[in-house]
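Here is how names work: the chains are called A, B, and so on, in the same order as the sequence lines, proteins then strands, and each is numbered from 1.
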There are 2 protein chains.
Amino acid sequence: MPAQPARGDLVPSSVLGLLGTRGPLSRAQIARELAISPATVTQTTKALLARGLVRELDQVPSLGGRPARLLGLVSTGLGAIGAKVTADHVAVVHVALDGSVDRSSVHPFDPDAPDALDALGNLLRAAVRDYEGQLLGVGVGIPGAVDGQASGSVEAPTLGWSEAPVGRSLRAALGVPVLVENDVNTLAVAERVYGIGREHGSYLVATIGRGIGCGIVIDGALYRGAFGGAGEIGHIPMSVDGPECACGSRGCLEAHIGQAALERTAVERRVIGEGAGVEALHAAADAGDAVAAEVLAEAGAMLGRALAGVVHTLDPEVVVMLGEGISAWRHWEAGFAPSFRRHLMPSRRGTSYLIDSWDEDKWALGAAALVLASPFDQTGATGDQGSLVRERLHAATGQA
Amino acid sequence: MPAQPARGDLVPSSVLGLLGTRGPLSRAQIARELAISPATVTQTTKALLARGLVRELDQVPSLGGRPARLLGLVSTGLGAIGAKVTADHVAVVHVALDGSVDRSSVHPFDPDAPDALDALGNLLRAAVRDYEGQLLGVGVGIPGAVDGQASGSVEAPTLGWSEAPVGRSLRAALGVPVLVENDVNTLAVAERVYGIGREHGSYLVATIGRGIGCGIVIDGALYRGAFGGAGEIGHIPMSVDGPECACGSRGCLEAHIGQAALERTAVERRVIGEGAGVEALHAAADAGDAVAAEVLAEAGAMLGRALAGVVHTLDPEVVVMLGEGISAWRHWEAGFAPSFRRHLMPSRRGTSYLIDSWDEDKWALGAAALVLASPFDQTGATGDQGSLVRERLHAATGQA
DNA sequence: GTGGCTTTATTTAGTCCCAAAGTATCTATC
DNA sequence: GATAGATACTTTGGGACTAAATAAAGCCAC
């Protein structure tokens, strides 16, 4: 009769998950990393060794004491599938435990179609079939609010979805655990497992792209808000009578510096032609167009002002910048850096921000990280689907 | 060898704390309230009954089953002392477990004096002496950032304090557990124990007063931020080149609608005379002065805009308004209500706000609530001082 | 080299809390 | 007034995790 039966046996899963995502570690390292006692690690790893899920590797040169013995996962090939849904396509990747992408694809997608959820299911079924028995689960990133990662019901105006039962539908279609989450939050979770989260417990992940978003991680746990809608910084009001926003409000940050707003401004200032995209704006700025650079710097300045407010509210250790718009960060930064600093109280000016690398797979990779991070979920946010992932981790390891 | 030794025996303390703050409850209610199993409640209460800390009261009319037997705390007279430090005085209250204030006093105080901490200690020592053996601890609310409730080192520009060892100093002077926290956060903790926290797990407490502040409670736990500075919404930038703020930045919310800013605006618009306080402004508005009402309504509108941003960022269940400025809320609300709604995304417009009652003791009462809430602290945020409070709760109960 | 010192891992004894199953005592209904 | 159903509480038997003590195995200094 386990103490936390609903959450499954958490420690063994965390150990497996940790070894999978970080590579071989000593028992002492595991204990420190998971904040559990060395005794528990010994107990747990003993069982895992006996079951053949883990094996003892070489010793490690000692640091003035008994040398550590590294433990490594036995199996190879385990992984998860991540999918990012947008208004016109779905990006799908398969990611190994260590975070490496070993296959990625993009599929056209029409979220407005009446059978959109079925189409999404079919599309993913093909990917799932290829990894039979080696798959921990499927993570899905959605541009919208997800009521609970576990239930996976989605409110996504961008896609025209309201109370869409994404989680339930995909679970039925795929027969594997499915975790659904807001797309920006998936990036925050990915940072938790593979990025800044290894060094910091509390951080923000701000994204620049079609919209402006923010993922909030507090003490290692994703903060979702009461209704799964936390981090909607794109709709922080930045002006009293600003431009109309797609959300129905006015003067939202996103209405000022979202992709559409940037394009509109650039057209007005004759930097790019009518109908040209934000890429043209980036190109012009890169080519030395002063007005183009100015448009981006102004956007950066406003972002800095908005993020200063968020930092005052949340007091994070660090802010990570991400998103497809990050490729033009050089130009944003000219406005961002002074503005961010200037609008922070002096005592908060030490708050650092850093720019993570970006590529097109990152959204889908983040979605996969949802699954790969679920062994560490101590808060129960991943619910029964998280438990299923942990079961699969136990079952699948060691079969190779 | 307890499982959570650093936190002391948590369940017995929570039970005692719950019975103290809520009055008699049945075992089943306790189990539901603390989210622990009925079996554990039986075990725990058995021990507490045996030790004479708790006694069985009358039965309660059944609701279609075996009637519940109420359990009540044996002792009476237990309580905590709360102190609120400001730039010119210290308010001190003694609060019984059930939240009732049974003595309150105000003392002049000069935070700039070189021996300010000693003076504070002396001042509190007198209060502590009167409650020998009946005191769980002392809570102190400070207008500034506290690095850790446990350590109690304070950064408070308003008081001219930097890295002031408030916690350490008072502990030495008083010989009882001392918990130090940002003043707004103490109000949030008080709401947790005696107010909105009984119905909601995640909420914001926004304060209108000398400054503008915000306490954040997430899933029943106070969110302090990485460096204890979360909730500084008074310094959210509301304009690019706004008025200078005391914090050194410009255009902060507080520089627009803090008490000093309101007074300045009111003088400029000739509502009140030079040197008159915000009370005069309130009086004028109450008396029907349209310009005075307008000043307050404009402030309300800006507050609404700022809080809309915070709600987008945090997605709370509800927002509670508090603070000495709340007496004029009628006038603020004229601007606040439409602005708050207007600047929220449609999906967030259901977020409700409510106005709590206010009196002068509330700040100090909040500080006392720090102590009275520490039995429930599951996160370890109250540290060793919290453990000491729990020990005292065990020791002091049942002696009467 | 030999005794400290450090770090790692294991063993032991014990605490905390829980699930499941059983008991108690009431209301509702026929 | 039995029987069913609901709600409250207890008992029992573990499982998970821990602290403390112990063992193991290296480094360092003299």
Side-chain angles (χ1 to χ4, degrees), chain A residues 1-16 19 24-50 54-72 375 378 380 387 390 394, chain B residues 1-16 18-19 24-50 54-72 375-376 378 380 387 390 394:
Chain A
M1 288 118 199
Q4 303 92 351
R7 310 221 269 273
D9 46 352
L10 205 57
V11 169
S13 309
S14 316
V15 171
L16 290 174
L19 292 178
L25 295 171
S26 75
R27 290 174 180 80
Q29 283 176 305
I30 294 172
R32 282 191 296 264
E33 204 67 46
L34 298 176
I36 57 181
S37 78
T40 305
V41 176
T42 293
Q43 301 280 3
T44 306
T45 54
K46 196 190 290 177
L48 295 175
L49 282 163
V54 151
R55 78 162 180 278
E56 209 155 67
L57 306 173
D58 354 343
Q59 294 196 175
V60 135
S62 119
L63 314 89
R66 172 173 171 174
R69 254 157 319 190
L70 290 182
L71 298 174
Q378 311 226 352
S387 304
R390 289 192 281 275
H394 272 89
Chain B
M1 290 117 203
Q4 301 93 351
R7 312 220 269 272
D9 47 351
L10 205 56
V11 169
S13 308
S14 315
V15 171
L16 290 175
L18 192 67
L19 292 178
L25 295 171
S26 75
R27 292 176 180 78
Q29 283 175 304
I30 293 172
R32 282 191 296 265
E33 204 67 46
L34 298 177
I36 57 181
S37 78
T40 304
V41 175
T42 293
Q43 302 281 2
T44 305
T45 54
K46 196 190 290 176
L48 295 175
L49 282 163
V54 150
R55 78 162 179 276
E56 211 155 65
L57 307 172
D58 354 343
Q59 293 197 176
V60 134
S62 122
L63 317 89
R66 171 174 172 175
R69 254 158 319 189
L70 289 183
L71 298 174
F376 309 117
Q378 311 225 350
S387 304
R390 290 193 282 274
H394 273 87

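Distance CD (A:Glu56) to P (C:dT10): 7 Å, rounded to an integer number of Å. What separates CG of B:Leu34 from C1' of C:dC16 is a distance of 15 Å, to the nearest Å. As a whole-Å value, the separation of A:Gln43 CD from C:dA9 P is 14 Å. D:dG15 atom C1' lies 14 Å from atom CG of A:Leu10, rounded to whole Å. Between the C1' atom of C:dT8 and the CG atom of A:Leu71 lies a distance of 12 Å, rounded to the nearest Å. The separation between B:Arg27 atom CZ and C:dT23 atom P is 19 Å, rounded to whole Å. Atom P of nucleotide C:dC16 and atom CZ of B:Arg390 are separated by 14 Å, given to the nearest angstrom. Put simply, CG on A:Leu49 is 13 Å from C1' on C:dT10, counting in whole angstrom units.
In this structure, the side chains of A:Asp58 and A:Leu70 stay at 4.5 Å or more apart for every pair of heavy atoms. In this structure, the side chains of B:Leu10 and B:Arg390 come closer than 4.5 Å at one or more pairs of heavy atoms.
Within the nucleic acid shown, A:Ala68 comes within 4.0 Å of sugar-phosphate atoms alone, with no base atom in reach, counting heavy atoms only. Counting non-hydrogen atoms under 4.0 angstrom, A:Ala28 reaches the backbone sugars and phosphates but no base.
Among the candidates A:Ile30, A:Leu71, A:Val41, the single residue satisfying the side chain to side chain contact (heavy atoms under 4.5 Å, CB included) test with A:Val15 is A:Ile30.
Between A:Arg69 and A:Ser37, it is A:Ser37 whose nearest contact on DNA chain D lies nearer the 5' terminus.
In this structure, B:Ser26 reaches the D:dC9 phosphate: one of its side-chain N or O atoms is under 4.0 Å from OP1 or OP2. Under 4.0 angstrom from either OP1 or OP2 of C:dA9 there lies no side-chain N or O belonging to A:Thr42. Contact annotation: A:Lys46 reaches the phosphate of C:dT11 (side-chain N/O to OP1 or OP2, under 4.0 Å).
Of all heavy-atom pairs between B:Val60 and B:Pro67, the closest is O-CB, 3.4 Å. Nearest heavy-atom pair, B:Leu19 versus B:Leu25, reported as atom, atom and distance to 0.1 Å: CD2-N, 3.7 Å. Considering all non-hydrogen atoms of both residues, A:Pro375 and A:Ser14 come closest at O-OG, 3.3 Å. Nearest heavy-atom pair, A:Leu49 versus A:Arg27, reported as atom, atom and distance to 0.1 Å: CD1-NH2, 3.7 Å.
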Open item on the list: Output one letter per nucleotide in nucleotides 1-6 of chain D: B when a protein non-hydrogen atom lies under 4.0 Å from the base, S when only the sugar-phosphate is that close, - when neither is.
Closed with: ----BB
